[in-house]
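Inspection log for the structure reproduced underneath, given as structure tokens.
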Amino acid sequence: MADLQTVEAALAALLRDVIPTPSEFLPCNQAAGRVLAEAIEARLDVPAFDNSAMDGYALHHRDAGKRLPIGQRIAAGSPAVPLAPGTCARIFTGGEIPPGADCVVMQEGVEVMSDLAAIPPDIPAGDNIRRRGRDVAAGDPLLPAGERLEAAALGHLAGQGITEVMVRRRPRVALLSTGDEIVDPGRPLAAGQIYNSNRPMLKRLLERFGAELTLVTSIPDDPAGTRETLSAAALEADLVISTGGVSVGEEDHVKDALASLGQLDLWRLAIRPGKPLALGRLPGREGREVRFVGLPGNPVSCFVGAWLFLRPLLGALQGCPALAQLPCLRARADFSTQTGPRRHYMRVVLDFGKEGVIARAFRDQNSGVLSSCVSADALAVIPAESRIEPGDTVDCLWLRVE
Ligand code: AMP
Ligand code: MG
């Protein structure tokens, strides 16, 4: 099987010369999940001023251990006036530390009698104060280009008063199905027909990877229709994906149409599931080149292929390094298996127990069994020509990610 190629080689070919999508300005409240097209610098110090981490009393630490008059009351959001020497201020969490104070003692430690606060002794300077600029200082890097705007990053932008960001346009994807036997749910099945599982599955995965589906349709089973669909798809999309009909040597219009319109390479990968993979290029709008990826028709192969190839490709199209590689966990196998010349991506559930992580393989790893993907937390990567026994350590690619 010397002619089988590696995932790594196919991935390198797929990602070669990928140009990220153009950038666009978006209001932050529409930018969740988008990828920053440029680095963002902090404009403000956060916190913007020294403030209290507690409800309590602000004072100068040299006055610890004394009874102090309470000179002012500082709630969060109200301004502080300078502290008169030998006094303290009633202060609440988030309240501005008044000039002249350098520590806060929490209210539980203070006894108040006839307007005097009895302060406990030995309070270090700085106690219970959140310093100005502790989180970020104006001019500091806030978020790097390539950051996907998730919850905390959106909070961080808002903390700076930022309302608009420059992000990558979502990659436009055309998702095409091949196969005369494939029927959309909602229509009756004739003998020999099956429902289209790949379409909703890939739609969901592609959206999670940041894509916008601009065209979702089937490729008609004739040469002219195939050419027409593919060239129209390339005008609407940054990436054209098809499923089915990439088995080597198969009678297939997609192959011919691509070869005549653009360029197509058929790969035979040393993996299970998902051996055949078609990578190509099509002419797009304004002379741009549009990527084509043909995944095998088997739903399990499609599922695995989407994680292995489409996720990094969508990452490259968005300039987002976080999508380049799946997180890898080491787990103990609860199964035995043996591989031949092909690397096996087994669908496993991970148990996070006291004894560490255990990878439990779905009972039927056949590439036609989509049940194996439904509950899969991870793909256990079993190298070619290897033997795994229960208790052996296996690398698992974690799928509970975007
Ligand atoms: P192919 O790669 O076209 O040879 O297809 C391999 C297997 O996957 C065949 O059994 C097809 O019927 C099946 N298949 C192809 N496309 C789909 C699809 N969209 N949904 C479900 N099964 C499919
Ligand atoms: Mg087919």
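Just the heavy atoms: all of them, side chains too, but no hydrogens, waters or symmetry mates, feed the values below. Every number for a ligand or one of its atoms is a count from 1 in the order of the listing.
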With no hydrogens and no angle check, just 3.5 Å: does a side-chain donor-acceptor pair link [X] and [Y]?
{"X": "R387", "Y": "T339", "answer": "no"}
{"X": "T21", "Y": "R169", "answer": "no"}
{"X": "Q72", "Y": "R90", "answer": "no"}

ask   = What do you reckon, does P299 have a nitrogen or oxygen under 3.5 Å from a nitrogen or oxygen of ligand 1?
value = no

query = Could an N or O of ligand 1 be found under 3.5 Å from any N or O of N298, whether backbone or side chain?
reply = yes

request  = Look at ligand 1 and say whether E181 reaches it with a heavy atom at a distance under 4.0 Å.
outcome  = yes

inquiry  = Looking at non-hydrogen atoms alone, which of S177, G245, G192 comes nearest to atom 1 (P) of ligand 1?
reply    = G245

task = Name the option, out of N198, L370, V254, D184, that contains the heavy atom nearest to atom 17 (C) of ligand 1.
result = N198

key: Region of N196 engaging ligand 1 - heavy atom pairs below 4.0 Å   = both

remark   = A student checking ligand 1 against I194 at a 4.0 Å heavy-atom cut-off should list atoms 12 (O), 21 (C), 22 (N), 23 (C)

message = Under 4.0 Å from a heavy atom of Y195: which atoms of ligand 1 are those, numbered in the order shown and with their elements?
response = 20 (N), 21 (C)

ask   = Say you draw a straight line from CG of D392 to OG1 of T337; how long is it, rounded to the nearest 0.5 Å?
value = 11.0 Å

ask   = If you round to the nearest 0.5 Å, how far is CG of L269 from CD1 of I271?
value = 5.0 Å

ask   = Taking the six-membered ring where the residue is Trp, are the ring centres of W267 and F309 under 6.0 Å apart?
value = no

